[in-house]
Each structure stands twice: as structure tokens, then as C-alpha cells.
Number of protein chains: 2
Amino acid sequence: MDVAHSEVLELGIPVACRSCQARHGVVCGALSSSQLRELGRHSLRRKIDAGCEIVAQGSESSFYSNIMRGVVKLCKVMPDGRQQIVGLQFAPDFVGRPFLRESTLSAEAATDAEICVFPRNLLDRMISETPELQRSLHDQALKELDAAREWMLTLGRRTAEEKVACLLHLIATHAEPQTATSTAFDLPLSRAEIADFLGLTIETVSRQMTRLRKSGIIRIENFRHIVVPDMDELEKKISG
Amino acid sequence: MDVAHSEVLELGIPVACRSCQARHGVVCGALSSSQLRELGRHSLRRKIDAGCEIVAQGSESSFYSNIMRGVVKLCKVMPDGRQQIVGLQFAPDFVGRPFLRESTLSAEAATDAEICVFPRNLLDRMISETPELQRSLHDQALKELDAAREWMLTLGRRTAEEKVACLLHLIATHAEPQTATSTAFDLPLSRAEIADFLGLTIETVSRQMTRLRKSGIIRIENFRHIVVPDMDELEKKISG
DNA sequence: GCCGGCAGTTGATCTAGATCAAGTCGTGAT
DNA sequence: ATCACGACTTGATCTAGATCAACTGCCGGC
């Protein structure tokens, strides 16, 4: 986090400033400075290691968070162990389910991450007092809903190769482009996680990755680092 | 609609009353009587035949609606014609995408239906003026998001038989139960639509339906009418 | 430097569900 | 009554992706 842009609040916890909302999360951008100060007094900034759980499926959670850095995966698991990743979240997304205490999914850091943790009661009160905050959370919920439905199309109707291309495209759009057409990024997910996101097996994911590599659409360096020389070529694999 | 419970407003259009929100849609339940009167003055109640489109994918829509009766399906289609139903909506759900003019999906009546159509501009104004309305739409968005993610698990990780059981379960929970354990309902979707909802083909849907029939979990009368003698048995097919 | 273990790849085989091809049933028009 | 058509079912076959089984390459501990 860019400390020059943050307010350092009571307890020494940097939370956010109003002038650069995008960097600091959907929550903080919608609050007045006195609300921010109060929230900061009760919030905690935490470093999270990859793989560490933020919210557990089926548990009651007494806090919300904002992602400040890193990638968070949202998972659902069935009693028999089958697993599906139902969404990825990037900074500055909000993590938590307003208006419902029990979580129907788990949130887990996919990479090392930093989050800002808010007490649930306090934030709930602020939501009901601050239409601008309600609006900003409503807005995020709708974006997630659009993304979820787009992914339903991918899960239900695309081939394995298209699915993998979709995943690479999704992650590429959250990375800084290198030039007008090319992008490079580190995959935040293992092959097993990609499989659980796409409804495939590890082996098929691997095969489709090498297919895309052999066709020249991507380069793979050290398993996790991906180079896309031409995003248009990648998009052609998706549109169907 | 229960006319005894409605206010008949200017233009003779019955819209809603505050005392029985559930019957009349998430929008009307959150409004004051003067807002209701204003909204009613610019709203239209419409009967819609099965198959008729309410909002087209990719189009700009200048209205929202509330479902008063019937079932609405939300579809996404790919350029090459592959199709995925990404959600079903029942009365009293709200139809439309707040904060975004262009629709990324189409909404189509799955059965004969009745909807209440609101001008977009007017309702947008009311949303920004009425935290209670914002809250109620936020709440519906979150419910749809939960449902979408549950369905992602179904699409990505369940077998064909489980998928069909999930669909029947979903529709059964929106029908009036007959006794403590048994339910009966008319399917609002054709086999082709069920296939597009589950990411399967017509033939597999049909085969799995007869499998469930032969195993005694459901009875099928006249193709479209389903009897579930014991909902617990149906749920067992789902949990995995 | 060697060893063990995890993450990923690649190959051989199997199978759930797709595809192709007849069917049946029910309904509405002539 | 008969025909035509659309919605659904059923059967035979095919195939994309799953499963099973090596194998590679990297990284960390000793």
C-alpha cells in the first residue's frame, strides 16, 4: 500500500483516504472522514499468507474485510469433497456477505495478501446510516453477479480449451498491460485451483495450457508466469 | 393479483400496497404512499405470453419491471448460438440491472406472466432518494448472487442426474407444498430449456428424468406435471 | 551433492454424456 | 378421421474429458 496516500489512524492502522478510493477498497471510499476515523479505530490491517482462510463456509463471521493487495478465491465444497471456486476477488474488493451472518462459501487467500478487517456490527451500522456506502456495496454485488453469470455460461457451455482461455483472459484483465496488445502476469492459482474454478481436472487444464502454448497464443515461464503476446488472439479462442 | 389488496391508481393501474409487499414486488414494498402514487402514474401492468422477451441481451433498456405472476428466465447466448440460462425469477422479483443501461443478458417469460413496468429514470431517482428501496434491491442482488454461485457448483461439479435433481428441487421449493413431505408442480421450462439451464443436452435431461421416475423419486404426468412424493428422497440425490 | 516430495506434464485407457437416428405421444388444423 | 408438427423419449454410437499411471523438474533439508 502506498503509505503516502493513507491516513494513519488511531492504533497506527492505515485505512484509507477519500481521494484515491480505488486503491483502498469500496468501503473506505464511501465514508466521511469522521466515519473513517471511527472505523479505523476498530479495524485491523492484516497480512495473510497464501492458502490461509479468511471466512469459513458455514461459519458465522463477525467481520468483513477489504482486499488491499493480493487475490482471494471464493470456494464452495460439497460434503463428499468435490469443490468449486465460484469467484476471484482482487483489490480493492469487499469480502463478506451483508445482511446474512452465516457464510455459504469460504474465502481464502490465493496469493499472499493484505486485507483490512472491519467489525461486522460497526460496518452494518454504517451501511444503514450511509446511503453512499450502501450504494457502493450494492454496486459491487451487481458486478459480482454479472461476473458469476458470465462464468455460468463458461461452466455450462464452453469447451475445456475455451474455459482455460477464459480463465487466462480473466486474470490478464486484472494485470497491467505491457503494450497495447501484450500482457504478462503470474497466475495466482495452481493447476488444481484452476481445475476447481473451471469444473475440469488438473490433467485437462495442463493439456489445454500446453495446447495454447503450442499454438503460440501464450508463453509459459516457470509454470506460473504467463505471457500473452496478443490479447486479441486469446479473445478469439473465447468468443465462439 | 389480489385486487382487494391493491391500490387502484391513476390510469387505473393497480400497482401495490405496503401491507403485503411479498405479493407485489420488492420495489413497491419499500416506497411511501406518495412515491407509490407517483410511480403508479407512470407504470404499466402487462400480461406477457410464454416465450416473449422482456429485455434483450446487449440492448439498452429504458425500463425495469417487477414480476407479479409467472416465471422469468435469464439467458445468455453466444455468437455461435450456444445458450445458457443463468437464472430463474419468480414473483415478486425485480427484473433489471440497476446502474447499468446495457443488459448483458436477456429476460424472457418462461410461462405466461404478468409484470409491472417502471420507467427507468423515475425508478433510478427513487432509488437514490430512498435508502429503504436501495436496501431492498441490494438484498435481492445478494440473494441472486448466492443462487448464482450455488448454481456454479451445480454446473461445474455435479453429475447429470444430480443436476436434474437440483433443478426439480429448485422449482419445487417455489411451489406450494402439498403435505409435509410431498410437492407437486408444473415445470415452467421445456426439456430444451432445462438442458440450457443445466449445461446438458435435451436427450440427457430426458434420460435422467426417466431414471428419477423409475427409481420412484418423482412421478411425471403429461410431461410437464411433476409429483415429488418425498422431498427428502430428492434432496438425497443432491447433497453428494 | 543427494534425497524426498510436491507441482506439473504426458501417455494410455475408460466412460459419462454428446451426437445421430428412430421412434411415440398429444394437439391443433383441414 | 387424418395429417402434420412439435415436444419428448429411447436406442446405437461416438468423443471430450475423466481416470489411472508414469514421468520430469524444481526446491528445500540434510
Side-chain angles (χ1 to χ4, degrees), chain A residues 49-51 73 78 80-85 110-112 154-168 186-215 218-226 237 240, chain B residues 49-51 73 78 80-85 110-112 154-168 186-215 218-226 237 240:
Chain A
D49 289 336
K73 58 178 180 163
M78 294 173 65
D80 65 5
R82 280 177 285 174
Q83 193 163 346
Q84 177 72 38
I85 295 183
T111 61
D112 292 347
T154 298
L155 288 172
R157 289 299 184 206
R158 290 200 226 254
T159 65
E161 189 185 28
E162 290 169 333
K163 284 179 177 183
V164 171
C166 277
L167 177 95
L168 295 173
D186 282 317
L187 278 177
L189 302 179
S190 69
R191 298 292 186 271
E193 290 170 316
I194 295 174
D196 280 338
F197 197 15
L198 294 173
L200 300 171
T201 58
I202 300 183
E203 294 92 330
T204 330
V205 170
S206 179
R207 278 184 245 275
Q208 298 305 331
M209 298 265 291
T210 79
R211 243 169 91 92
L212 289 172
R213 177 170 57 71
K214 285 182 180 164
S215 76
I218 58 171
R219 289 205 311 277
I220 305 178
E221 293 162 10
N222 266 326
F223 301 119
R224 287 291 191 110
H225 188 79
I226 305 288
K237 282 282 160 189
Chain B
D49 289 336
K73 59 176 180 164
M78 294 173 65
D80 64 6
R82 281 178 284 176
Q83 192 163 348
Q84 176 73 38
I85 295 182
T111 61
D112 291 347
T154 298
L155 288 173
R157 288 301 182 205
R158 290 200 226 255
T159 64
E161 189 185 26
E162 290 169 334
K163 284 179 177 184
V164 171
C166 276
L167 177 95
L168 294 173
D186 283 316
L187 278 177
L189 302 179
S190 69
R191 298 293 185 270
E193 290 170 317
I194 294 174
D196 280 338
F197 198 14
L198 295 172
L200 300 170
T201 58
I202 301 183
E203 294 93 327
T204 330
V205 169
S206 177
R207 279 185 244 276
Q208 298 304 332
M209 297 265 290
T210 80
R211 241 169 92 91
L212 290 171
R213 178 169 58 72
K214 284 183 179 162
S215 75
I218 58 170
R219 289 206 309 279
I220 305 178
E221 292 161 10
N222 264 327
F223 302 119
R224 288 289 192 109
H225 188 79
I226 306 289
K237 283 282 160 190

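When reading the values below, keep in mind they use all heavy atoms of this one structure, side chains included, and skip hydrogens, waters and symmetry mates. Every chain is numbered from 1, with letters handed out A, B, ... down the list of sequences.
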(message) So, does B:R213 get its side chain near the phosphate of D:dT9, meaning an N or O under 4.0 Å from OP1 or OP2?
(response) no

(request) Could you tell me which non-hydrogen atom of B:K163 sits nearest to which non-hydrogen atom of B:G199, and how far apart they are? (result) NZ-O, 4.1 Å

(request) Kindly give the heavy-atom pair with the smallest separation between B:E193 and B:I85, and that separation in Å. (result) O-CD1, 3.5 Å

(request) Would you mind reading off the distance between A:I202 atom CD1 and C:dT10 atom C1', rounded to a whole angstrom? (result) 14 Å

(request) Answer yes or no: side-chain N or O of B:E203 and base N or O of C:dC20 forming a donor-acceptor pair under 3.5 Å. (result) yes

(request) With the side chain of A:S206 defined as its heavy atoms from C-beta on, choose the nearest nucleotide among C:dC20, D:dT9, C:dT10. (result) C:dT10

(request) Work out which heavy atom in B:A160 is nearest to a heavy atom in B:T204; give both atom names and the distance. (result) CB-CG2, 4.0 Å

(message) Taking the nucleotide of DNA chain D with the nearest heavy atom to each, does A:Q208 or A:N222 sit closer to the 5' end?
(response) A:Q208

(request) Round to the nearest Å and state the distance from A:I220 atom CD1 to C:dA7 atom C1'. (result) 13 Å

(request) Give a yes or no on whether a donor-acceptor pair under 3.5 Å exists between the nucleobase atoms of C:dG11, that is its base, and the side chain of A:R207. (result) yes

(request) Kindly give the heavy-atom pair with the smallest separation between B:R82 and A:T159, and that separation in Å. (result) NH1-N, 4.1 Å

(message) Let's see if you get this right: which residues in residues 158-165 of chain A place a heavy atom under 4.0 Å from DNA chain C?
(response) none

(request) With DNA chain D as reference, determine whether A:L200 or B:R224 sits nearer its 5' end, using the nearest nucleotide of each. (result) B:R224

(message) To check you understand the geometry: which heavy-atom pair defines the closest contact between A:L189 and A:F197, and what is its length?
(response) CD1-CD2, 4.2 Å

(request) Write down the distance between CD (A:E221) and P (D:dG25), rounded to a whole number of angstrom. (result) 17 Å

(request) Would you kindly give the CG-to-P distance between A:L198 and D:dA16, to the nearest whole Å? (result) 18 Å

(message) Rounding to an integer number of Å, can you tell me how far A:L155 CG sits from C:dG17 P?
(response) 15 Å

(request) Kindly give the heavy-atom pair with the smallest separation between B:V164 and B:Q208, and that separation in Å. (result) CG2-CB, 3.7 Å

(request) Find the distance A:I218:CD1 to C:dG8:C1' and express it as a whole number of Å. (result) 14 Å

(request) Examine C:dA16: is either OP1 or OP2 under 4.0 Å from a nitrogen or oxygen in the side chain of B:T204? Give yes or no. (result) no

(request) To the nearest Å, give me how far apart CE (B:M209) and C1' (D:dT10) are. (result) 15 Å

(message) Side-chain N or O of A:T201 versus OP1/OP2 of D:dG17: is the shortest distance under 4.0 Å?
(response) no

(message) Less than 4.0 angstrom from a charged side-chain N to a carboxylate O is my criterion; do A:D196 and A:K73 meet it?
(response) no

(request) Measure from CZ on A:F223 to C1' on C:dT10 and round the result to the nearest Å. (result) 12 Å

